[in-house]
Amino acid sequence: MSINHVTLRPVAEDDLSVMERFLMEPETAEPFQWFGWWDIGRWRRQWAENGLITEDSGYLMVVRDDERLGFVAWRKIVSSRTTHYWNMGIALLPEARGKGVGTEAQRQLVQYLFAHTLVIRVEADTEVDNIAEQRALEKVGFTREGVLRSVVFRDGQWRDGVRYGILRGELG
């Protein structure tokens with residue numbers, strides 16, 4: 001699999017079954033995104049209401065030609081009365097990982113967010129042990145900003161996270 005032809009597009013109703021795999025199949029979400037079973041109908045309800053894109057958050061499918069590879073997401077973080085920025089993330093199916101797809105999809109999401117909103121900052125968080133994601137973010141142009149101690153509870157223990165940020169004009 002190459003990164004050629006990797007694109008982002010709005011989530012279609014048929015795509016929801018791919019997204020739901022991350023909520024229902026531990027082997028799809030592991031090793032860093034499995035948090036147990038919970039509210040497996042949330043994306044269907046949100047899709048029916050707004051197509052999974054609002055002023056405060058959104059989801060886009062990561063696709064290569066007709067193949068669905070996962071999704072990217074973003075949400076608004078309000079930092080003051082007059083200021084906000086985006087926090088973004090990605091979930092790729094196991095067969096799409098380790099091939100540059102995540103780097104390309106996250107690059108495209110940052111480009112999209114800077115092109116269509118006024119924010120100056122996009123951030124992303126990952127676990128300290130998720131070295132592949134850290135490398136992908138750095139390839140996009142993100143800067144490692146610091147470690148967040150005991151920020152995520154997963155698989156019976158608290159885990160440290162790493163925060164990355166990118167400002168308008170820093171995209172690699």
Side-chain angles (χ1 to χ4, degrees), residues 1 6-78 84-106 108-110 112-113 122-137 140 142 146-165:
M1 174 184 305
V6 170
T7 58
L8 305 179
R9 65 164 171 74
V11 176
E13 188 172 15
D14 289 347
D15 299 326
L16 295 172
S17 62
V18 174
M19 294 176 68
E20 288 166 343
R21 288 182 59 191
F22 292 91
L23 300 176
M24 296 186 294
E25 301 173 2
E27 63 277 6
T28 297
E30 289 175 339
F32 298 105
Q33 293 294 317
W34 179 247
F35 298 99
W37 290 281
W38 63 283
D39 196 3
I40 59 174
R42 68 185 171 121
W43 285 325
R44 286 192 184 276
R45 289 190 306 273
Q46 291 171 4
W47 188 88
E49 182 180 323
N50 56 39
L52 292 175
I53 298 178
T54 71
E55 290 182 24
D56 296 331
S57 64
Y59 294 85
L60 295 172
M61 290 302 293
V62 178
V63 298
R64 186 172 143 263
D65 300 321
D66 293 331
E67 183 182 12
R68 297 173 293 189
L69 306 174
F71 62 92
V72 292
W74 68 95
R75 63 186 173 96
K76 182 186 282 186
I77 305 294
V78 177
H84 74 275
Y85 57 90
W86 300 115
N87 182 286
M88 61 173 260
I90 188 167
L92 291 178
L93 294 171
E95 57 270 22
R97 297 176 195 156
K99 299 175 173 111
V101 171
T103 301
E104 180 58 24
Q106 290 176 109
Q108 289 182 29
L109 180 57
V110 171
Y112 174 82
L113 293 172
V122 176
E123 70 177 26
D125 301 312
T126 190
E127 286 188 24
V128 295
D129 293 334
N130 193 344
I131 303 304
E133 173 62 358
Q134 292 173 49
R135 286 187 190 134
L137 291 169
V140 171
F142 280 81
V147 173
L148 306 169
R149 297 179 303 150
S150 295
V151 72
V152 172
F153 186 80
R154 182 181 57 74
D155 196 25
Q157 59 184 290
W158 285 99
R159 298 165 189 278
D160 294 346
V162 182
R163 171 145 307 152
Y164 282 83

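No more than 12 heavy atoms of other residues, nucleotides or ligands shown are found within 6.0 angstrom of CD on E55. Heavy atoms of other residues, nucleotides or ligands lying less than 6.0 angstrom from CZ of R45 number more than 12. For R135, the CZ atom sits in a loose shell: 12 or fewer heavy atoms of surrounding residues, nucleotides or ligands are nearer than 6.0 Å. A 6.0 Å sphere centred on CD1 of I40 holds no more than 12 heavy atoms belonging to other residues, nucleotides or ligands.
At distances below 3.5 Å, at least one donor-acceptor pair connects side-chain atoms of S17 with backbone N or O atoms of D14. With hydrogens and angles ignored, the 3.5 Å screen pairs a side-chain donor or acceptor of W37 with a backbone N or O of M24. Looking only at distances, a side-chain donor or acceptor of D15 sits under 3.5 Å from a matching main-chain atom of A12. A donor-acceptor pair under 3.5 Å is absent between the side-chain atoms of Q106 and the main chain of V72, judged by distance alone. Checked by atom type and distance alone, the side chain of E133 never pairs as donor or acceptor with a backbone atom of G102 at under 3.5 Å. In this structure, the side chain of N50 engages the main chain of L52 through a donor-acceptor pair within 3.5 Å. Here the side chain of R159 pairs a donor or acceptor atom with the backbone of R154 at under 3.5 angstrom.
Salt bridge annotation for E20-R44: present, with a cationic side-chain nitrogen under 4.0 angstrom from a carboxylate oxygen. Between R149 and D160 there is no salt bridge, since no side-chain N of the basic residue sits under 4.0 Å from a carboxylate O of the acidic one.
Taking the centre of each ring, F71 and F22 come in below the 6.0 Å mark.
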- Message: Using the rule given for side chain to side chain contact (heavy atoms under 4.5 Å, CB included), can you reason through V78 versus K76, listing the C-alpha separation, both sets of side-chain angles and the distance that settles it, and then say yes or no?
- Response: CA-CA 6 Å; V78 177; K76 182 186 282 186; 4.1 Å; yes
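Here the closest non-hydrogen pair linking S57 and W86 is N-CZ3, 4.5 Å.
W43 and Y59 share a donor-acceptor pair across their side chains, judged by distance under 3.5 Å alone.
Going from atom CZ of R75 over to atom CG of D56 covers 11.5 Å, rounded to the nearest 0.5 Å.
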